[in-house]
**Q** 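Please read through the structure below; I'll follow up with questions.
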Amino acid sequence: MEKQKVDLSLLDGVLTEYASVKGSLITILQHTQDIYGYLPKEAIELISEKTGIATSEIMGVGTFYTQFRFEPVGKYLIMLCQGTACHVNSSELILQTIKDELHIEDGQTTEDGLFSLKCVACLGCCSLSPVMMINDDTYGSLTPDKTKKILKELREAAV
Amino acid sequence: MRIVIGQGSCGIAAGAEKVRKALLNTGIDPALISITGCIGMCYLEPIVDIYDDSDNLTRLVKVSEADAEAIKSYVENGDSAAIEKLIVSDEDSEFLNKQTRIALRNCGIINPEKIEAYIEKGGYTALKSCLTEKTPEDVIEIIKTSGLAGRGGAGFPTWFKWNAARQSAGDDKYLICNADEGDPGAFMDRAVIESDPHNLIEGMLIGAYAIGAKHAVVYVRAEYPLAIKRLTNAIKQAKEQGIIGENIFGTDFSCDFMIKAGAGAFVCGEETALIESLEGHRGMPRLKPPFPAQSGFWRKPSNINNVETFANVAWIVNNGGEAFAAMGTEGSKGTKVFAVTGKVKRSGLVEIPMGKTLRDVIFDIGGGMKTDKPFKAVQMGGPSGGCIPASLIDTVIDYKALGATGAIMGSGGMVVMDESTCMVGMAKFFLDFTAKESCGKCIHCRIGTKRMLEMLDRITKGEGKEGDIELLEELCYSIKDGALCGLGQTAPNPVLTTIKYFRDEYEAHINEKKCPAGECSDLIEYSIDADACRGCTLCARNCPVEAISGSVKQPHVINTDKCIKCGKCYSVCKFGAVKKA
C-alpha cells in the first residue's frame, strides 16, 4: 500500500497538551495513532524533538505494546480474538477462514488496502465467542460461513 | 412504564444498539426508552427489560430489530401475546435468582451514564459518611473486619495494603485502580466499569481517604473503549457535583481523578509493571522491596487494588464489615464474581458467596454443558491459573481450597471445557500467550516459556519424546524459582496442572501419537462413513486440496495422502458422515 505523505501539523494539538507533561509518552503515541492509523517515522521524530525523549526509547516503548503499529492498516482492521473462551470455541477455524478468504496472514494487509488482520488478546466478549472486532464493531458467535458473509458485505460496502 | 435495553459491550455486540434504534423508529415515546449496562446473562443478549408503573419487570431476551413492533404493541396496547415468545424462561431467570450480588449490585439495573441513577440507589452515601463521620483508621478497621481480599487474583488482605500505604511517610500519595483486565476469559471488571462506574469511583475515593491520597488513577485496558467512555463521563459528572476535586462534601479531603489507557501488555497487570507503564515506560516489573506502598508511582507511596475489590467497598461501609464477613468461608469472605464461559450452557457473570462449589457455578447456575459431550475440566485464573478436572468439581470456592488444586482463584475467569478440548493443546495455548507476553526481563521466563512452548508444540505434532514430561516439569520449577514477577512465577501453572490431572493425555500424544480429544490436527485422520454419506458432494466441493472423490448420491472417499486435515469436510457435512479419529 502506498504510504501517504504525513501531515505533521495534525500533531500540534497533542504535543501542545502533552509534550511537557511527564509520563505522557504512551498517551502521545495513542493520540498519534488515532490521527494517522499508525505511528509514522516522521511523527516519532517530531515527538522526540518536542519531548526530548530519544527516538530509540520511543521505539522501545512503541514496540513493547501490542496496540502500536508502524505500518498503515487497511480500511477495515480485523481484530480476531485469541482469548481462552474463543480458543475453546474454535477460533482457529475462523482464523483459517479469514486467511483463506483474504489471502493474508496475521499482521498483513490485503493488496487492495481494504483489510488488515491482527490476532489480539482477549476482547472480553467471551460469552459471544468466537469474536472479532472490525474497526469499532464487534461480531460474535462466528462460524466460517458467517465470517465469509461479513467479509463479503464489507467488501461490497467499500466499492 | 420504562423500557430498558442492556448495553454492555456484549449486548451491543449482540445487536442491542440496533434494537434500541429500531424501538425508537417505531414511534414509541423516546422518554420511555433508556439503557443499562451488563445484565450478566450474556448468552441471552440482546435483552430488553420492561418495567410497568409499579416497577414489575418483564424481561425479553434474544430480541432482534424485527421484534420492535411487537414490543410497541405490548407497551402501548398491552398486547402480551405479541411478546410471549421473547419472555425469559423460568429456568433462565434462575441464573440471576441464584446469585448474591454485591460488586454487581447495580449492574444491569441502573443507567450507567447518569449519576442521578447511582445516587438514587444510595450512591455516594458511604463516601459521605466516611468523610464526615469516620477517621481514615475507622475506615481501614471496617475493611479489616470485612475480610475483603484483593479480587485481582492474589487475594492479599485489602486492609493490610491500605494500612501500609497510610503508614508510609509523605503527603503525596497515589491510589491506583488496576483495570488492566488481561486474563483471557475474564470480563467482570469491564462489566463493572461499563455498568456501574460511579460505584468504582466511590470505592476508590473511600480508599484514597483511608490511605491519605490526593490523587486517584485508573489504569484501564485500551481494548475496553466503552468502559473508558463511560468512566470518563462518570468522572466528569462527579466533578460537576463536587464529589471529585477540592474539599469533597465540604470537608478538607481533596482528591483528583485521572484515567490512563493501557496499550496492550498482559504483564502490566503486575503492579510494578503497571506503575512503569503509567510513567510512560515499557511495562517491566520492578524489584520488590521497596513495595509500592513505600515507593510506587513517581516513587511516591501508592496503593493498587483491582476494580472488583473497589466495587465492594461502598457496600461494606454502608452495611458494615460484619455483614460482608458473614458470607463465605473461614479464610475467604464475601462474594466473588466469575465470568463463566466456554462450553457451558448459560454463560455470563455470576456473583456468589465464597464457599459455594464449582458444581454450583457450572451446573446449578451455568446449566451444565451446551454440547452433548461430558464436562472435562474448568480453567481458572487464566495464564496464571490451572485446569481443574471433573473429579474435583465439588471443590469449594475459597482461596486456599482452589490453591490446593494447583489452580488459583484468579481474577474470576472460568472457562468450561468438554471432552473435545485437548489438555495438551490448552497448555500450549497458554504458553503461547505467556511466551508472547513475557516482558523479557528475566531469562527464565523469557527463554524458559519459549522452550516449553517448543516442546508442547512438538508433542501436539506427534514428535514428542520419552522424557519430555519430566523435562517440562523441571523447566516449570526453574521458571517458578527464577522469575521476578507473578507472570513468570505462575506461567508454568497451566502446564503443571494439566500434567498432574491429564498425564495420560500427554502420554497418548507422546507414546501413541494420538490426541484423545481429537483436536490436534497432526494426530487425527479424517474418513467418511460410507453408510452415513448421502453423496451430497458438499465436502468435495469445500475441500481446498481436492482430496475427496465420489459421484453424486454415492459415498465419498478421502484420500489421506492428499488430505491436509483442515477439518472443512467435518464442519460442513450435514449428515455426520465425516469421522475423525
Side-chain angles (χ1 to χ4, degrees), chain A residues 18 21-31 33-34 51 53 57-68 79 81-93 96-97 99-100 118-129 131-133 136-141 143-145, chain B residues 9-10 12-14 42-43 45 181-187 190-191 221-225 260-266 268 277-284 298 339-343 347-348 379 382-383 413 415-418 421 425-426 429-430 432-433 436-437 439 544 566-568 571-572:
Chain A
Y18 294 106
V21 181
K22 69 172 178 173
S24 298
L25 178 58
I26 292 171
T27 311
I28 294 172
L29 295 181
Q30 284 169 333
H31 283 289
Q33 186 157 292
D34 284 344
T51 59
I53 301 171
E57 195 182 330
I58 297 176
M59 287 302 289
V61 170
T63 51
F64 185 85
Y65 296 97
T66 52
Q67 187 187 14
F68 298 118
M79 290 185 282
C81 180
Q82 302 285 293
T84 322
C86 288
H87 170 78
V88 170
N89 283 315
S90 310
S91 59
E92 191 59 34
L93 274 179
Q96 200 52 51
T97 305
K99 284 180 176 175
D100 291 350
K118 189 158 172 54
C119 291
V120 297
C122 189
L123 292 168
C125 290
C126 310
S127 300
L128 300 168
S129 57
V131 181
M132 65 178 171
M133 261 177 101
D136 288 331
D137 293 320
T138 309
Y139 300 85
S141 309
T143 60
D145 281 344
Chain B
S9 284
C10 290
I12 293 172
C42 310
Y43 68 109
E45 297 282 4
E181 187 170 51
D183 277 4
F187 53 92
R190 190 204 71 206
R221 288 182 83 194
E223 287 90 337
Y224 288 173
K260 277 261 190 180
F266 176 67
C268 291
S277 181
L278 276 180
E279 294 180 3
H281 306 299
R282 293 163 71 99
M284 295 169 106
W298 301 125
V340 185
T341 60
K343 295 285 170 74
S347 61
Q379 210 286 338
V415 183
V416 178
M417 293 169 271
D418 66 12
T421 306
M426 202 66 201
F429 167 80
F430 280 112
D432 181 56
F433 182 86
K436 279 180 190 151
E437 294 293 340
C439 78
C566 68
K568 283 230 173 76
S571 61
V572 296

**Q** Measuring from atom OG of B:S347 to atom CG of A:L128, what distance do you get when rounded to the nearest 0.5 angstrom?
**A** 7.5 Å

**Q** Which heavy atom of B:R282 sits nearest to which heavy atom of A:G60, and what is that distance?
**A** NH1-O, 2.7 Å

**Q** Go through the atoms of A:S129 and report whether side chain, backbone, both or neither lie under 4.5 Å from a heavy atom of chain B.
**A** neither

**Q** How close do A:S24 and B:K260 get, heavy atom to heavy atom, and via which atoms?
**A** CA-NZ, 4.1 Å

**Q** Check whether A:T66 reaches the backbone of B:G264 with its side chain - one donor and one acceptor, N or O, closer than 3.5 Å.
**A** yes

**Q** Hey, does A:H87 have a side-chain heavy atom less than 4.5 Å from the side chain of B:V415?
**A** no

**Q** Can you name the nearest heavy-atom pair linking B:G342 to A:N89, along with the distance?
**A** O-ND2, 3.6 Å

**Q** Nearest heavy-atom pair of B:T341 and A:A85: which atoms, and what distance?
**A** OG1-CB, 3.5 Å

**Q** With a 4.5 angstrom heavy-atom cut-off, which part of A:D145 approaches chain B: side chain, backbone, both or neither?
**A** neither

**Q** Check whether B:A261 gets within reach of chain A through its side chain, its backbone, both or neither, counting any heavy atom under 4.5 Å.
**A** both

**Q** Check this for me: B:E279, atom CD, are more than 12 non-hydrogen atoms of other residues, nucleotides or ligands nearer than 6.0 Å?
**A** yes

**Q** Under a 4.5 Å heavy-atom cutoff, which of B:Y224, B:F430, B:F187, B:F266 has the most pairs with chain A?
**A** B:F187

**Q** Please flag which part of B:V416 lies under 4.5 Å from any non-hydrogen atom of chain A: side chain, backbone, both or neither.
**A** backbone

**Q** Please classify the contact between B:L278 and chain A as side chain, backbone, both or neither, with a heavy-atom cut-off of under 4.5 Å.
**A** backbone

**Q** Under a 3.5 Å distance rule, please check whether A:Q96 uses its side chain to pair with a backbone N or O of B:C566 as donor and acceptor.
**A** no

**Q** With chain A, which of B:A14, B:S277, B:S9 has the greatest number of heavy-atom pairs at distances under 4.5 Å?
**A** B:S277

**Q** State whether the side chain of A:Y65 and the backbone N or O of B:G283 hold a donor-acceptor pair below 3.5 Å, judged by distance alone.
**A** yes

**Q** Top residue by heavy-atom pair count (under 4.5 Å) with chain B, among A:G83, A:C122, A:S127?
**A** A:S127

**Q** B:H281 versus A:F64: any side-chain heavy-atom pair under 4.5 Å?
**A** no

**Q** Report which part of A:S141 has an atom under 4.5 Å of a heavy atom belonging to chain B: side chain, backbone, both, or neither.
**A** neither

**Q** Let me confirm one number: the OG1-CD distance from A:T84 to B:Q379, rounded to the nearest 0.5 Å.
**A** 6.0 Å

**Q** Do A:V88 and B:M426 touch side chain to side chain, with heavy atoms closer than 4.5 Å?
**A** yes

**Q** Below 4.5 Å from any heavy atom of chain A, which atoms of B:C268 appear? Answer side chain, backbone, both or neither.
**A** side chain

**Q** Measuring from A:Q82:CD to B:D432:CG, what's the distance to the nearest 0.5 Å?
**A** 8.5 Å

**Q** Measuring from atom CD of B:E45 to atom SG of A:C125, what distance do you get when rounded to the nearest 0.5 angstrom?
**A** 10.0 Å

**Q** For chain A, find which of B:A186, B:A191, B:G262, B:P225 contributes the most heavy-atom pairs closer than 4.5 angstrom.
**A** B:G262

**Q** Given a strict heavy-atom distance threshold of 4.5 Å, which part of A:Q33 is in contact with chain B: side chain, backbone, both, or neither?
**A** neither

**Q** Just so I understand: if I count every heavy-atom pair under 4.5 Å between each of B:E437, B:E223, B:R221, B:E181 and chain A, which residue has the most?
**A** B:R221

